[in-house]
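First comes the structure, then the notes that go with it.
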There are 4 protein chains.
Amino acid sequence: MSQLPFTEVFKGGKEGRQYIFESAAGVFTKKGYHKTTVEEIAAAIGVSKGTIYYYFKNKEELYLAIIREGIDLFHEQLAKAAQSPASPQDKIRKLIRGHFIFCEKEKDLVFLFLKELGSTDFSREILADMLAKCLQVFRNVLEEGIAKKVFRPVNPEIITSALFGMLTITAFHYLSYSRGIPLEPASLALEDIFFNGICR
Amino acid sequence: MSQLPFTEVFKGGKEGRQYIFESAAGVFTKKGYHKTTVEEIAAAIGVSKGTIYYYFKNKEELYLAIIREGIDLFHEQLAKAAQSPASPQDKIRKLIRGHFIFCEKEKDLVFLFLKELGSTDFSREILADMLAKCLQVFRNVLEEGIAKKVFRPVNPEIITSALFGMLTITAFHYLSYSRGIPLEPASLALEDIFFNGICR
Amino acid sequence: MSQLPFTEVFKGGKEGRQYIFESAAGVFTKKGYHKTTVEEIAAAIGVSKGTIYYYFKNKEELYLAIIREGIDLFHEQLAKAAQSPASPQDKIRKLIRGHFIFCEKEKDLVFLFLKELGSTDFSREILADMLAKCLQVFRNVLEEGIAKKVFRPVNPEIITSALFGMLTITAFHYLSYSRGIPLEPASLALEDIFFNGICR
Amino acid sequence: MSQLPFTEVFKGGKEGRQYIFESAAGVFTKKGYHKTTVEEIAAAIGVSKGTIYYYFKNKEELYLAIIREGIDLFHEQLAKAAQSPASPQDKIRKLIRGHFIFCEKEKDLVFLFLKELGSTDFSREILADMLAKCLQVFRNVLEEGIAKKVFRPVNPEIITSALFGMLTITAFHYLSYSRGIPLEPASLALEDIFFNGICR
DNA sequence: TATGAATGAGGCTTCATTCAT
DNA sequence: CATGAATGAAGCCTCATTCAT
């Protein structure tokens, strides 16, 4: 049974619900929500179908729990990058690298997120969470830089989503072709553009 | 650009095409691929279920046709913006506005695209199409600007996806909260950042 | 495929819904609601499971339709007996015989009704219908007799349910042991008791 | 009369028995046999699911035990009413009141009985018990009255079920609309009809 | 004696797809 | 060209029952 990287975050006895939770994530990310059957999840974990329903109300609840957990993990990584007592620029640099590293490591999860972004199914409020929580980390750094006058007084909402979009889509661009993200060149290029712009 | 088979049946020409988009695409977007039934699509278009299968091999082909058609439409808009005999900077400006205008107008399609981006289902090669065709428009302008030395010699692949991501995620950010995109402020802000960067 | 007697009431082409309706009744009455599977119904009719759902929203709707129809049939029989231009006593006599005849002929249906009487499942309002509509027929005759002073001025609500109970439970008593109802003796005995009482 | 195995566990004796009735029987009655889960019963009683299976072979046996116990309780009440050294008429009067009082007090059980009456499931022989044991009480009184020539020489089988039906359905009529049974008026009315008939 | 985690058979329902008309 | 009745495979979920502790 494959373990997703991000499952490492759960330490201690993998009892019941937790155990299912982690294993199911792998299956869901590999095949997507609809193509994954509860039977497959059960088989992958090595328990019976009934056991899934003993711990989770239904397939959807299990799925949402995984999404939510993944977002928390992502947020955690970003927050860590932004917490250092560095300059705003350096924080941005760390966020860029942290973002790429997370995307590379949790590729499956990232695809899952992207799918949910456009979803009208049920996880729209999850999306709100994600944009709210994770974008906020970027925004805080931006606003700090503006306050410290190292950044120009831009509209923080717009520029936050712009920065986040640069990173996300670039990461996705590489990942979707199963190429690795060229961590240093890409990070440097995006820093450069974001800080200095493309014009001479 | 391919015409959907029964486009002409309904009012003919452009109108028929619009008709299809506003019905089938709308339904798919509102409920997602899996939650949308062929029956609903048929009802939305105003034909019977059998008719769908008369023109399309199956649900998936219909869906892909819509995606493809939407991408074509998007590409068309971008290409138009890039064709003008303007400076690279002005072309970028036009692309930014064109991107936002399209996203605002074809909101449903945009959500559909996003959903597909993360898909493991079947439309991965569609995604390739999209990124290839549409990103190429941006890339051509970038490379033109670099060649003309109005832009710095950046890595075109990375910066193209960065620019595209800025636009896409910003548009999505506004649309997902059902706010309209603030066309002029957002366009100006993104131009400014992309051209000049955030640092003083 | 067995035909319930009461299905004779439906003349004309047994199309779709009607056809399923009638055949399903037989299966339901033989095994009861819960022990009857949709698969069995489909098999009994000779159609596929999907066809059931093409015509009925779900198992329950199919069942309720059958119950409702049966009650209507019962009410119809009673109403006919009460419509004759006879004396109240004669109408009572006819109602008694009509009740017994119906119970004998539609034994399966009667058991179905009884089961529903005590049900808390979903058909409680059906029960209300039944008691309201069918008891009303008895009550009208009673009140007519009271008005014409051939009956004593009893409480119509109580005596109606009493008369109805005499008939129903007596019929049930015989049917539940798979004995036929002794039509004439039983009818005469109940008439006699109801009209004259047991005391000398 | 059998004691439910774990009756004594809970408060012991009569109270324990009441406890069982008010919990298990109550749950069964509120939701019906099939819609009641063993888990709910266990929760209502305040034990774990396993405990149910420690004392009862399966759900059905538990259910039948409750039915049987209820019938015993009912029979007990009737027998008490019929044991007094009163006249046959007075015994009938007492049976009528006893019947109503029981129905009012054990409303849940009565609904349960009614449901079983129409059942094709498994408790058909329970029904036989009930009709046999309880009807016999009425019948004994009737035959005593006939022998003593205070009642006319009617067919005891038919008239027993008739009397029983009058009471049962009238009680049910009131209970099913959640109205209380009007004890005195209803008792008097049924006595009157049963003794004297409706005709002048 | 009591528990509750685990099971797995079985039921209901959905819906993409076909095909005779 | 167009229909819509009919299908049946496939999936989700329930819940009575078991058993190790």
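The figures here come from the full heavy-atom set of this structure, side chains too, leaving out hydrogens, waters and symmetry mates. In the text below, chain A, chain B and the rest are named by the order of the sequence lines, each starting its count at 1.
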Would you mind reading off the distance between [X] atom [atom1] and [N] atom [atom2], rounded to a whole angstrom?
X	N	atom1	atom2	value
B:Phe28	E:dC15	CZ	C1'	13 Å
B:Ile52	F:dC1	CD1	C1'	14 Å
A:Ile45	E:dA5	CD1	P	17 Å
C:Leu62	E:dT13	CG	C1'	14 Å
A:Glu40	F:dC12	CD	C1'	13 Å

Please name all residues satisfying side-chain hydrogen bond (donor to acceptor under 3.5 Å, both in side chains) with C:Lys59, sequence neighbours left out, ordered by chain then number.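 side-chain hydrogen bond (donor to acceptor under 3.5 Å, both in side chains) check on C:Lys59 returns nothing, list empty.
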Point to revise | Nearest heavy-atom neighbours spanning D:Ala24 and D:Ile66 | key: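 Shortest heavy-atom contact: CB-CD1, 3.4 Å.
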Practice prompt. Considering non-hydrogen atoms only, spot the tightest contact between D:Val27 and D:Ala44 and give its length.
Written response: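 What the structure gives for the nearest pair is CG2-CB, 3.4 Å.
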Counterpart residues, salt bridge (charged side-chain N to carboxylate O under 4.0 Å, His left out), relative to C:Lys107 (two or more places apart):
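With neighbours one apart ignored, the set is empty.
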### Query
With under 30° as parallel and over 60° as perpendicular, where do the rings of A:Tyr33 and A:Phe28 fit, or are they tilted in between?
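Parallel.
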Set of side-chain contact (heavy atoms from CB on, under 4.5 Å) partners for [X], sequence neighbours left out:
X	result
A:Asp72	A:Lys133
D:Ser48	D:Thr51
A:Glu61	A:Arg17, A:Phe56, A:Lys57, A:Asn58

Dot-bracket assigned to DNA chain E with the 3.5 Å Watson-Crick/G-U criterion, [ ] for crossing and | for other-strand pairs, is .||||||||||||||||||||
Between E:dA5, F:dA2, E:dG8, which nucleotide has the shortest distance from any of its atoms to the side chain of A:Tyr55?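 The nucleotide sitting nearest to the side chain is E:dA5.
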Polar atom pairs (N or O), protein with nucleotides 14-18 of chain F, under 3.5 Å:
unit_1: F:dA16; atom_1: OP1; unit_2: D:Lys59; atom_2: NZ; d: 2.9
unit_1: F:dA16; atom_1: OP2; unit_2: D:Val38; atom_2: N; d: 2.8
unit_1: F:dT17; atom_1: OP2; unit_2: D:Tyr53; atom_2: OH; d: 2.9
unit_1: F:dT17; atom_1: OP2; unit_2: D:Lys59; atom_2: N; d: 2.9
unit_1: F:dT17; atom_1: O4; unit_2: D:Lys49; atom_2: NZ; d: 3.1

(request) Report yes if at least one side-chain N or O of C:Thr51 is closer than 4.0 Å to OP1 or OP2 of F:dA6; otherwise report no. (result)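 Answer is no, no contact under 4.0 Å.
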